[in-house]
Protein chains: 2
Amino acid sequence: MPPANTNKKQKLIDLKALGRASECLKTIAHPHRLRMVEMLLSGRYTVGELAEACGIPSHMASEHLRLMQRCGLLSSQRDGRRNYYEIAEPHLKGIMDCIQNRFG
Amino acid sequence: MPPANTNKKQKLIDLKALGRASECLKTIAHPHRLRMVEMLLSGRYTVGELAEACGIPSHMASEHLRLMQRCGLLSSQRDGRRNYYEIAEPHLKGIMDCIQNRFG
DNA sequence: TAATAATATCGTAATATAACGATATATCAA
DNA sequence: TTGATATATCGTTATATTACGATATTATTA
């Protein structure tokens, strides 16, 4: 049953904020990128480790990671020729919890 | 700071489930569709009401709603020539809460 | 029945995204 | 310095998404 519609004017989120939110959602809305986020929530990993876990070539993992870093979801630290990625946006935990509850 | 990487093998979500999750995320990853979900979390609305709130023609609202209904996020009840849409996937509340916390 | 209203569908063009081979860069090791 | 390793970038093609006008469907009202 849907909630009763109170017809009260609620404070709606600013449309620009919804635009930014949809950019972020679109960015994680990919099976391999969700896998990477899921793994990174338990610690940092290199490009190669994430690529292997997803079963994709590392140059493609690199591209996925770049997209997620670009919108502030991840950050990276280089160590020699390794590049470690980690979660930069703590709210990703809540999103993954929702996905885990619904699909896990 | 990222969480310490315990290097324990965690139970990862099945890849097919991540595929379904990414379909749903992609579907709501649009500013107008997020607005519709936000409104529908407080009650049911017609196509026309949602269209007006988003500032788009109702035939486009109808298309957005169809996409969200197709992957089980919404359902609809026709009443005469009105069609009322409502939330069918309760986990949308959690997702919107995350968005509200981060962007609202 | 005719006109209107609310919603849905179709066709299309513009744009975005995805995958991937090829190539480039940067670091380490021999 | 040479070769190997890890990651990143480029160019291209295939596919998906978006917006939107035109048209269709269904239900109400005159």
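Heavy atoms only: backbone and side chains are in, while hydrogens, waters and symmetry mates are out. Keep in mind that what you see is a predicted model, and the values were worked out from it rather than measured.
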Colleague: With respect to the phosphate group of D/dT18, does any side-chain polar atom (N or O) of B/Arg33 fall under 4.0 Å of OP1 or OP2?
Modeller: yes

Colleague: In whole angstroms, how far is the P atom of D/dT25 from the CZ atom of B/Arg66?
Modeller: 17 Å

Colleague: From C/dA8, D/dA19, D/dT18, pick the nucleotide closest to the side chain of B/Leu67?
Modeller: D/dT18

Colleague: Send over the distance from B/Glu63 CD to D/dA24 P, rounded to a whole Å.
Modeller: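 Taking atom P of D/dA24 as the reference, CD of B/Glu63 is at 18 Å.
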
Colleague: Any side-chain N or O of A/Ser62 under 4.0 Å from OP1/OP2 of D/dT7?
Modeller: no

Colleague: Between atom CG in A/Asp79 and atom P in C/dA26, what is the gap in whole Å?
Modeller: 17 Å

Colleague: With nearest nucleotides of DNA chain C determined for A/Arg81 and A/Met60 from heavy-atom distances, which residue corresponds to the more 5′ nucleotide?
Modeller: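 The 5'-side residue here is A/Met60.
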
Colleague: Determine whether A/Ile13 and B/Leu92 fall in the same hydrophobic cluster, where Ile, Leu, Val, Met, Phe, Trp and Tyr are linked whenever their side-chain heavy atoms lie under 4.5 Å apart.
Modeller: yes

Colleague: Return the value, rounded to whole Å, for the distance between atom CG of B/Leu65 and atom P of D/dT18.
Modeller: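 In whole Å, D/dT18 P lies 14 Å from B/Leu65 CG.
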
Colleague: Report the distance from atom CE of A/Met36 to atom P of C/dA18, rounded to the nearest whole Å.
Modeller: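 Result: 12 Å.
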
Colleague: For the pair A/Glu63 and A/Arg66, find out whether any cationic side-chain nitrogen is under 4.0 Å from an anionic carboxylate oxygen.
Modeller: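 Salt bridge: yes.
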
Colleague: At under 4.0 Å between heavy atoms, what does B/Tyr84 touch on the DNA or RNA strands: base, sugar-phosphate, or nothing?
Modeller: nothing

Colleague: Can you figure out which of C/dT7, D/dT7, C/dA29 approaches the side chain of A/Arg78 most closely?
Modeller: D/dT7

Colleague: Using the rule that Ile, Leu, Val, Met, Phe, Trp and Tyr join whenever any side-chain heavy atoms are under 4.5 Å apart, tell me whether A/Leu40 and A/Ile56 fall into a single cluster.
Modeller: yes

Colleague: Return no unless some side-chain N or O of A/His30 is found under 4.0 Å from OP1 or OP2 of C/dA19.
Modeller: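 Checking C/dA19 against A/His30, a side-chain N or O does come within under 4.0 Å of OP1 or OP2.
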
Colleague: From the set C/dT4, D/dT7, C/dA8, return the single nucleotide nearest to any side-chain atom of A/Arg82.
Modeller: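 Minimum distance to the A/Arg82 side chain belongs to D/dT7.
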
Colleague: Below the 4.0 Å mark, does C/dC10 have OP1 or OP2 next to a side-chain nitrogen or oxygen of B/His59?
Modeller: no

Colleague: With under 30° as parallel and over 60° as perpendicular, where do the rings of B/His30 and B/His64 fit, or are they tilted in between?
Modeller: tilted

Colleague: Output the rounded distance in Å from NE2 (A/His64) to C1' (D/dA8).
Modeller: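 After rounding, the reported distance stands at 14 Å.
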
Colleague: Just N and O in the side chain of A/Tyr45: are any of them under 4.0 Å from OP1 or OP2 of D/dT7?
Modeller: no

Colleague: Do B/Ser76 and B/Glu86 have side-chain atoms, one donor and one acceptor, less than 3.5 Å apart?
Modeller: no

Colleague: For B/His32, report the nucleic acid contact type (base, sugar-phosphate, nothing); a contact means any heavy atom under 4.0 Å.
Modeller: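 Result for B/His32 = nothing.
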
Colleague: Can you check the B/Ile56 CD1 to C/dT7 C1' distance for me, whole Å?
Modeller: 13 Å

Colleague: Using a cut-off of strictly less than 4.0 Å, decide whether A/Asn83 has a side-chain nitrogen or oxygen near OP1 or OP2 of D/dA6.
Modeller: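 No, A/Asn83 has no side-chain N/O under 4.0 Å of OP1/OP2 on D/dA6.
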
Colleague: Take the protein atom CD of A/Gln77 and the nucleotide atom P of D/dA8, then report the distance between them rounded to whole Å.
Modeller: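 After rounding, the gap between these two atoms is 13 Å.
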
